[in-house]
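Below is one structure, written out as structure tokens; comments come after it.
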Amino acid sequence: MENSKTSDKLSAFLESGIYRFENSNVVFIDPVRMLNRSYTRFRSSPSAYYSRFFDSKETIVTSDSKKRKRKEKKTPHDLNEREQVATLRHQQARPMLLKAHGFLMEATDLLAIMKDLRGGSNICSSKELSEQHSFIELGKVWQAPLYEIILKGALKGLERVVPVFNNLVVNETSDDMEAEFLNNKYILPRESCFYMSDLGQVHNLIHECNVGFNLIVIDPPWENGSARQKLRYPTLPNWYFLSLPIKQLAHPDGALVALWMTNREKLHNFVQKELFPSWGVSHEATYYWLKVKADGSLISDLDLFHHRPYECLLLGYFHGQGTNSKQPPRLRPIKHDQIIISIPGEYSRKPPIGGKFVLTWY
């Protein structure tokens with residue numbers, strides 16, 4: 001009977017990309033399989049997505065090993081007040097994170113599959129991947145309003161040319177759509193759209209989408225002292241995000257807001273005391289993303305102060321008024337302390353959490 005249950009869970013995982021540990025608040029996910037559920041004719045490349053952590057020796061290290069040792073030797077007496085609060089927060093989460101990791105290490109059938117998740121053929125070559133354009137840099141130049149993207153439908157001859165920046169690019173069909181921009185090819189999933197712009201222009205999105213969103217996932221470019229991160233992408237000061245028009249972007253009946261966080265206590269304090277109140281969002285639950293390598297081990301020591309192997313996802317509700325202001329819509333409670341385990345993709349890329357995946361954890 002036990003073997004049958006295991007076989008059913010593995011079959012479900014291979015189809016959906018989600019492995020549920022029985023009687024727990026823990027799931028392991030394969031983002032590639034989850035993303036591919038959005039496509040009809042095309043598939044994401046596992047070897048392109050999983051660019052790191054398939055070497056058992058690969059781990060997170062600081063730029064200076066001596067500096068790392070000094071940080072690891074910190075005692076409670078060396079910590080300032082904010083660091084002490086951060087340590088307390090970590091100690092509260094630590095037991096359930098260790099338990100979750102224990103579930104994974106006991107699932108030998110899943111571990112065997114994890115080692116091969118990067119297998120499969122590429123959609124594009126490594127040369128093509130290296131020549132991908134930086135949309136951040138292209139959006140800054142004066143020619144940005146002139147850039148156009150070519151949209152190609154499944155039927156031959158169906159082709160549209162539209163601006164790529166400050167414009168809602170839509171695939172309204174029930175099939176994947178190929179897109180070409182500066183000789184690079186992209187895929188738009190069925191019934192999807194994107195709006196690529198500077199954050200200061202986000203108000204324009206309100207006019208483009210007049211229905212409102214019932215799920216808003218935000219991954220801000222938080223300020224970070226790491227020189228390595230600053231080289232990866234530009235960051236913004238915290239106060240910049242106070243002006244995000246969540247009320248205007250949310251559906252009239254309300255919205256679930258999911259906010260990705262680093263482990264800095266200063267940031268947690270800012271979100272709880274300033275950001276969520278300014279958005280009109282009530283904090284309902286915290287999820288944890290635990291990062292592992294292909295062999296199941298953590299990408300860094302769980303207690304490494306500045307490089308912990310997990311990030312937080314804060315979930316909150318924006319309570320809309322609905323069509324009947326005398327009886328606002330009731331929003332379902334969210335389960336607390338859910339844990340998502342996965343092998344990370346590219347630097348700072350988050351696992352997909354939208355759609356049915358979030359709904360299954362209400």
Side-chain angles (χ1 to χ4, degrees), residues 18-21 24-31 34 50 52-54 58-62 68 71-72 74 79 82-107 110-111 114 117 217-222 224-226 228-229 232 258-269 271-272 283-316 334-353 357-358 361:
I18 303 173
Y19 185 99
R20 303 185 183 281
F21 295 93
S24 77
N25 60 337
V26 185
V27 297
F28 175 85
I29 66 172
D30 174 16
M34 293 179 67
Y50 290 117
R52 306 182 297 161
F53 302 117
F54 270 76
E58 185 176 2
T59 188
I60 294 291
V61 295
T62 57
R68 174 179 172 178
K71 288 177 180 175
E72 289 177 331
K74 272 193 171 185
L79 303 176
R82 189 174 288 155
E83 289 174 330
Q84 289 177 18
V85 175
T87 300
L88 178 60
R89 188 188 300 276
H90 169 68
Q91 292 300 328
Q92 291 171 342
R94 189 177 188 276
M96 60 182 176
L97 293 172
L98 283 174
K99 187 176 181 180
H101 188 238
F103 284 142
L104 175 64
M105 298 309 291
E106 291 172 3
L110 177 60
L111 289 172
M114 285 171 57
L117 286 182
V217 181
I218 307 171
D219 182 17
W222 299 112
N224 192 296
S226 169
R228 180 187 177 199
Q229 178 165 318
R232 298 275 183 173
L259 178 69
W260 283 105
M261 297 274 294
T262 69
N263 290 309
R264 294 175 63 206
E265 188 56 33
K266 180 180 179 180
L267 203 54
H268 280 268
N269 191 56
V271 170
Q272 297 288 2
H283 178 215
E284 301 292 333
T286 299
Y287 287 7
Y288 297 88
W289 174 32
L290 189 62
K291 308 174 196 178
V292 298
K293 295 187 281 187
D295 62 1
S297 61
L298 299 176
I299 65 167
S300 65
D301 188 281
L302 185 59
D303 298 315
L304 190 60
F305 192 85
H306 290 284
H307 292 275
R308 287 177 177 142
Y310 65 90
E311 293 184 42
C312 297
L313 180 68
L314 269 57
L315 298 179
I334 306 172
K335 294 179 181 178
H336 292 268
D337 297 332
Q338 305 299 298
I339 300 173
I340 305 165
I341 306 176
S342 76
I343 303 170
E346 294 176 331
Y347 183 81
S348 194
R349 184 173 186 173
K350 305 301 189 295
I353 60 163
F357 178 58
V358 168
W361 272 3

[X] side chain near [Y] side chain, heavy-atom distance below 4.5 Å:
X: Leu259; Y: Leu313; value: no
X: Arg308; Y: Leu302; value: no
X: Met261; Y: Leu267; value: yes
X: Phe28; Y: Phe21; value: yes

Straight-line distance of [X] [atom1] to [Y] [atom2], nearest 0.5 Å:
X: Ser24; Y: Gln338; atom1: OG; atom2: CD; answer: 8.5 Å
X: Gln92; Y: Leu97; atom1: CD; atom2: CG; answer: 12.0 Å
X: Met96; Y: Ile339; atom1: CE; atom2: CD1; answer: 5.5 Å
X: Ile29; Y: Ile18; atom1: CD1; atom2: CD1; answer: 7.5 Å
X: Ile353; Y: Tyr287; atom1: CD1; atom2: OH; answer: 9.0 Å

Ignoring hydrogens and geometry, is there a side-chain-to-backbone donor-acceptor pair from Glu106 to Leu104 under 3.5 Å? no
Within the side chain of Ser342, is there an N or O that forms a donor-acceptor pair under 3.5 Å with the backbone of Pro344?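 Not a single qualifying donor-acceptor pair exists.
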By side-chain contact (heavy atoms from CB on, under 4.5 Å), which residues pair with [X], not counting sequence neighbours?
X: Thr87; value: Leu79, Gln91, Phe305
X: His283; value: Gln272, Phe276, Thr286, Leu314
X: Lys266; value: Arg82, Arg264

Of all heavy-atom pairs between Met114 and Val292, which one has the smallest distance, and what is that distance? CE-CG2, 4.1 Å
For Ile343 versus Ala294, what's the shortest heavy-atom pair and its separation?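 In this case the closest contact between Ile343 and Ala294 is CD1-CA, 3.7 Å.
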ring-ring contact (aromatic ring centres under 6.0 Å, His included) against [X], all qualifying residues, sequence neighbours excluded:
X: His90; value: Tyr310
X: Tyr288; value: none
X: Tyr50; value: Phe54

What pairs with Trp260 under side chain to side chain donor-acceptor pair (under 3.5 Å), at least two apart in sequence or on another chain? none
With [X] via salt bridge (Lys or Arg N to Asp or Glu O under 4.0 Å) - residues at least two apart:
X: Arg94; result: Asp303
X: Arg89; result: Glu265
X: Glu311; result: Lys291, Lys350

Could you go step by step and tell me if Ser297 and Met105 meet the side chain to side chain contact (heavy atoms under 4.5 Å, CB included) rule? CA-CA 8 Å; Ser297 61; Met105 298 309 291; 5.7 Å; no
Determine whether Asn25 and Lys335 satisfy the following criterion, side chain to side chain contact (heavy atoms under 4.5 Å, CB included), listing intermediate values before the conclusion. CA-CA 9 Å; Asn25 60 337; Lys335 294 179 181 178; over 6 Å; no
